[in-house]
Amino acid sequence: MAIDNLNYINFNQKELDELFRASLSGDSKAFRTLSVHVRNIAFTYFQSKQRQGKIINTDDVDDLTNNVYLAFAEQYQKVENLEFWLRRVLFLSFINWYKKNKANRTFELEEARYLHDTSSNPDHSIDAEKINQLLTLAGDKQKLSECDFMKI
């Protein structure tokens with residue numbers, strides 16, 4: 001991934017805590033600003049997982065980000081420590097998603113183009129045409145020797 005794609009978020013813990021306290025007291029502008037920060041933090045977190053190859057599909061990054069944002073919007077009044085809550089929700093969201101999608105990972109067409117199957121060996125590939133020829137020979141009741149099968 002190119003360095004151009006890295007995102008940097010400019011805020012500090014004190015600013016987040018102030019916005020959080022103001023949001024809890026009913027300040028809608030503070031809530032809106034805090035929501036943008038939470039969304040950016042979540043997006044950056046899941047994007048880092050994508051850079052690590054743990055998330056392949058960019059739509060999954062967006063979906064996970066939206067899930068964290070919605071959880072925040074629903075639960076922010078019950079949150080006592082924003083940093084702890086956010087770390088926990090980000091981690092658990094990723095782990096739950098990863099466990100569900102581990103078996104059936106999908107790739108975007110552009111992303112799949114760069115994947116290489118290192119386990120395939122051309123010597124072990126099966127030539128269907130040769131198998132059909134051998135089966136035809138067997139169908140004619142000709143005896144196939146072990147040597148014929150080794151040529152496949």
Side-chain angles (χ1 to χ4, degrees), residues 1-135 146 149-152:
M1 191 88 14
I3 292 188
D4 302 356
N5 294 337
L6 296 175
N7 291 331
Y8 296 97
I9 302 172
N10 296 318
F11 59 87
N12 59 36
Q13 184 65 40
K14 183 179 176 185
E15 180 185 357
L16 283 181
D17 288 340
E18 289 172 3
L19 287 170
F20 183 60
R21 280 193 295 279
S23 296
L24 289 175
S25 67
D27 185 350
S28 62
K29 184 178 178 185
F31 177 76
R32 192 174 24 245
T33 304
L34 180 61
S35 296
V36 169
H37 285 315
V38 167
R39 191 167 181 64
N40 288 338
I41 292 167
F43 183 76
T44 303
Y45 175 80
F46 295 122
Q47 197 175 41
S48 73
K49 296 298 184 186
Q50 185 181 24
R51 282 188 210 104
Q52 295 171 357
K54 295 179 180 179
I55 299 176
I56 303 299
N57 192 332
T58 54
D59 290 337
D60 290 334
V61 171
D62 292 333
D63 290 345
L64 287 165
T65 300
N66 288 336
N67 290 344
V68 170
Y69 170 75
L70 290 173
F72 173 73
E74 292 172 353
Q75 300 174 10
Y76 83 97
Q77 293 175 332
K78 299 175 189 173
V79 174
E80 293 178 22
N81 181 335
L82 179 62
E83 180 183 2
F84 175 77
W85 181 89
L86 192 54
R87 287 178 188 268
R88 187 168 189 262
V89 169
L90 288 170
F91 177 75
L92 292 176
S93 296
F94 173 71
I95 292 299
N96 289 335
W97 174 87
Y98 189 77
K99 285 180 181 178
K100 287 179 189 174
N101 293 298
K102 188 176 180 182
N104 55 347
R105 294 176 65 173
T106 59
F107 302 99
E108 300 244 349
L109 184 58
E110 227 10 70
E111 294 165 341
R113 197 168 106 191
Y114 299 104
L115 297 176
H116 299 289
D117 184 13
T118 58
S119 65
S120 69
N121 185 347
D123 294 337
H124 293 113
S125 64
I126 297 175
D127 187 352
E129 192 173 317
K130 285 188 178 182
I131 291 175
N132 284 333
Q133 289 173 353
L134 291 172
L135 290 174
E146 188 177 63
F149 281 110
M150 294 307 234
K151 293 179 185 175
I152 295 178

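Basis for what follows: all heavy atoms, side chains included, without hydrogens, waters or symmetry-related copies. Sequential numbering from 1 along the given sequence is applied to the chain's residues.
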- [ ] Applying side-chain contact (heavy atoms from CB on, under 4.5 Å), run through Trp97 and Asp63 and close with a yes or a no.
- [x] CA-CA 10 Å; Trp97 174 87; Asp63 290 345; over 6 Å; no
Check: Taking it one step at a time, do Gln75 and Trp85 satisfy side-chain contact (heavy atoms from CB on, under 4.5 Å)?
Finding: CA-CA 10 Å; Gln75 300 174 10; Trp85 181 89; 3.1 Å; yes
Tell me, with the steps shown, if Val68 and Tyr45 meet side-chain contact (heavy atoms from CB on, under 4.5 Å).
CA-CA 11 Å; Val68 170; Tyr45 175 80; over 6 Å; no
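Side-chain contact between Phe46 and Asp60 is absent, with no heavy-atom pair separated by less than 4.5 Å. Using a 4.5 Å cut-off on side-chain heavy atoms (C-beta onward), Tyr76 and Val38 make no contact. Annotation: side chain of Leu86 is not in contact with side chain of Leu16 (no heavy-atom distance under 4.5 Å). Within the 4.5 Å cutoff, side-chain heavy atoms of Leu34 are placed close to those of Leu82. Within the 4.5 Å cutoff, no side-chain heavy atoms of Ile55 are placed close to those of Asn101.
Taking Asn66 as the reference, Arg39 meet the side-chain hydrogen bond (donor to acceptor under 3.5 Å, both in side chains) condition, with sequence neighbours excluded. Residues passing the side-chain contact (heavy atoms from CB on, under 4.5 Å) test with Ser35 are Phe31, Tyr69, Phe72, sequence neighbours excluded. By the side-chain hydrogen bond (donor to acceptor under 3.5 Å, both in side chains) test, Arg87 is found to be paired with Glu83, residues two or more places apart in sequence or in another chain being considered.
The CD atom of Glu18 sits 12.0 Å away from atom OG1 of Thr33, with the distance rounded to the nearest 0.5 Å. To the nearest 0.5 Å, atoms CZ (Arg51) and OG1 (Thr44) are separated by 7.5 Å. Rounding to the nearest 0.5 Å gives a distance of 12.0 Å between CZ of Arg32 and CG of Leu19. To the nearest 0.5 Å, the span separating OG1 on Thr65 from CG on Leu70 amounts to 11.0 Å.
The side-chain tip of Lys54 does not point at the ring of Phe94 from less than 6.0 angstrom away and within 45° of straight on.
When all heavy atoms of Ala22 and Ala30 are compared, the pair lying nearest together is CB-CB, 3.5 Å. For Phe43 against Val61, the heavy-atom pair with the smallest separation is CE1-CG1, 3.7 Å. Pairing each heavy atom of Gln77 with each of Leu24, the nearest pair is CA-CD2, 3.6 Å. The minimum heavy-atom distance linking Leu64 with Ser93 is given by the pair CD2-O, 3.9 Å.
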